[in-house]
Trainee: 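Let me give you the structure first, and then I'll get to my questions.
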Amino acid sequence: MSGKTSNDRRVLLIVGGGVAAYKALPLIRLLRKAGVGVRPILTKAGAEFVTPLSLAALAEDKVYQELFSLTDEHEMGHIELSRSADLIVVVPATADLIAKAANGLAGDLASTTLLATDKPVLMAPAMNVRMWLHPATQRNIATLKADGVAFVGPDDGAMACGEFGPGRLAEPEEIFAAIIALLEGPAARPLTGKRALVTAGPTFEPIDPVRGITNRSSGKQGFAIAEALAKLGAEVTLVAGPVALPTPAGVKRVDVETARQMLAASQAALPADVGVFVAAVADWRVDEAFGTKLKKEKGGPPALTFVENPDILATLSATGPNRPKLVIGFAAETDHVEDHARAKLARKGCDWIIANDVTEPGVMGGGENAVLLVTKDSVERWDRAAKDQVAARIAQRIAAALA
Ligand code: CTP
C-alpha cells in the first residue's frame with residue numbers, strides 16, 4: 001500500500017450489533033478529521049444500536065445495509081463495494097460476525113463483503129466476557145489470525161452486562177491508531193520491533209502527607225515524543241510523573257510520583273533500544289518526609305534537610321550491557337544553551353542532548369518548543385514549532401539512528 005497518504009485512503013466500516021456500536025461514531029469523526037474516507041455498512045443488529053442517519057452524517061457517505069437492495073446493486077455491486085476501500089474495519093466485531101467470517105458464511109451484506117474482499121481486514125471485537133473466552137470464539141479468532149486478519153483489543157474492564165474482564169471494545173483512539181498504521185504500511189513504521197523508554201512530566205517529592213516539592217513541567221513534550229515513537233511502530237513505555245494528560249494511543253504508561261519511583265520504573269522498562277529522558281526530575285528531596293501533617297502550632301517553620309535524588313539519565317547511561325543503544329537527555333537552560341548542553345552531554349554520558357531555552361515564552365508548560373540537538377560531534381538548531389511537530393522530528397531522527 002505505497003504512494004497514498006491517509007488523505008486519499010478509504011475505509012469500509014462494518015458496524016456490528018453490540019452496545020459498543022456507538023463508539024463507531026467518534027471513530028468516524030477521528031478518521032474524517034485525518035482525511036480518511038469512511039463508507040459504512042450497518043448490520044441488521046447494528047441498526048438496533050446506532051441509526052443509519054448518524055453514521056451517514058458523520059461519514060458524509062451513503063450507508064449500505066441490504067445485500068439484495070436493487071438500488072445499491074445497480075449503483076455498486078457488493079463485490080465492488082467490498083473492494084472499494086483500502087481497508088475493511090469491523091467495529092464492533094461481535095461473536096456472530098467473527099464466527100461468520102471465520103467460517104466463510106455469506107448470508108448478509110457484512111459477511112458477504114468480508115468473504116468477497118481482497119483487501120486487508122481489521123477487527124475490533126466487543127462482547128460479553130464469557131462469549132469472548134468461549135473456546136468457539138477463541139478458535140474463530142485463531143482461524144482469522146491465521147488468515148491474516150488484524151485485531152485491535154478487546155480491552156479488560158467493566159462491561160455493560162455488569163461483568164468484568166476482557167471483551168470491552170478498544171477505545172476509538174486505539175482503533176484509529178491501528179487503522180492509520182495499517183493504511184500507511186510498514187515503511188511508515190520504521191521503529192516496528194524496537195523498544196523505547198520515555199520519562200515525562202515533573203516529579204513530586206513529599207514533605208508530609210499533604211505537601212511536596214514539584215515543578216511546572218507539563219509533560220506535553222515527553223507525551224508527544226512517546227506518541228510519535230508509537231506512531232512509528234515502537235513499543236513504548238512512558239514513565240510519567242503527576243500530570244493531567246491522556247495516555248497516547250498504543251503507549252504503555254507507568255505513573256509514578258517521586259524520582260526514586262521514576263528510576264525504578266525506568267529500570268524495569270529495560271532493555272530498550274532508545275531511552276528519551278524528558279522528565280523534569282526534582283534534583284532534591286526532603287531527607288525524611290514527615291509521616292503526619294506538619295502543624296503550625298508545633299512552632300516556627302520546619303527545618304527541612306534535603307538530599308540529592310538519583311540522576312535517572314546518568315544512571316541509565318551507565319547501565320553496562322543493559323544501556324539503551326541510544327540515550328537522549330533533555331536540558332532546560334536559561335543561558336549559554338549550547339555550552340551547557342555540551343557539558344551536560346559529557347557529564348551524563350548520553351548520546352544526544354535536546355536543549356531548550358526555557359526563558360522563551362510559551363516553552364515551559366506551553367505548546368511550542370525551539371530546540372538545539374547536540375550530539376558528540378554536531379549541533380543543529382531547529383526552528384520553533386509545536387511540541388508534537390518537534391516530537392515527530394525527534395522520532396524520525398531516532399528511527400534513522402536505529403536503522
Ligand atoms: N535528569 C534525570 N534525573 C535527574 C535529573 C535530571 O534523569 N535527577 C535528566 C532530565 O530528564 C534531563 C536531563 O537529565 O534529560 C537534564 O536535566 P536538567 O535538570 O536540565 O539538568 P541537571 O542535571 O539538573 O543540571 P542543572 O540543574 O545544573 O542544569
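Order of listing sets the numbers, starting from 1, for every ligand and every atom in it.
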Trainee: Ligand 1 versus Pro310, non-hydrogen atoms closer than 4.0 Å: side chain, backbone, both, neither?
Mentor: backbone
Trainee: Determine whether a donor-acceptor pair (N or O, by modelled atom type, separation under 3.5 Å) exists between the side chain of His340 and the backbone of Glu333.
Mentor: no
Trainee: Only heavy atoms count here, so choose which of Met262, Glu308, Lys344 is nearest to atom 21 (O) of ligand 1.
Mentor: Lys344
Trainee: Can you list the ligand 1 atoms lying under 4.0 Å from a non-hydrogen atom of Arg347?
Mentor: 23 (O), 25 (O)
Trainee: If hydrogens are left out, which of Thr203, Leu316, Asp283 has an atom nearest to atom 27 (O) of ligand 1, that is, the closest non-hydrogen atom?
Mentor: Asp283
Trainee: Looking at Phe290, is Lys293 sitting on its ring face, NZ or CZ under 6.0 Å from the six-membered ring centre and within 45 degrees of the normal?
Mentor: no
Trainee: Please state which protein non-hydrogen atom is closest to atom 12 (C) of ligand 1 and give its distance, to 0.1 Å?
Mentor: Phe330 O, 2.9 Å
Trainee: Restricting to side-chain hydrogen bond (donor to acceptor under 3.5 Å, both in side chains), what partner residues turn up for Asp61, sequence neighbours left out?
Mentor: Arg10, Arg39
Trainee: Nearest protein heavy-atom contact for atom 7 (O) of ligand 1: which residue, which atom, what distance?
Mentor: Leu313 N, 2.8 Å
Trainee: With heavy-atom distances below 4.0 Å as the criterion, list the atoms of ligand 1 near Ala332.
Mentor: 20 (O)
Trainee: How does Lys348 reach ligand 1, by side chain, by backbone, by both or by neither, if only non-hydrogen atoms under 4.0 Å count?
Mentor: side chain
Trainee: Among residues at least two apart in sequence or on other chains, which ones pass side-chain hydrogen bond (donor to acceptor under 3.5 Å, both in side chains) with Asp388?
Mentor: none
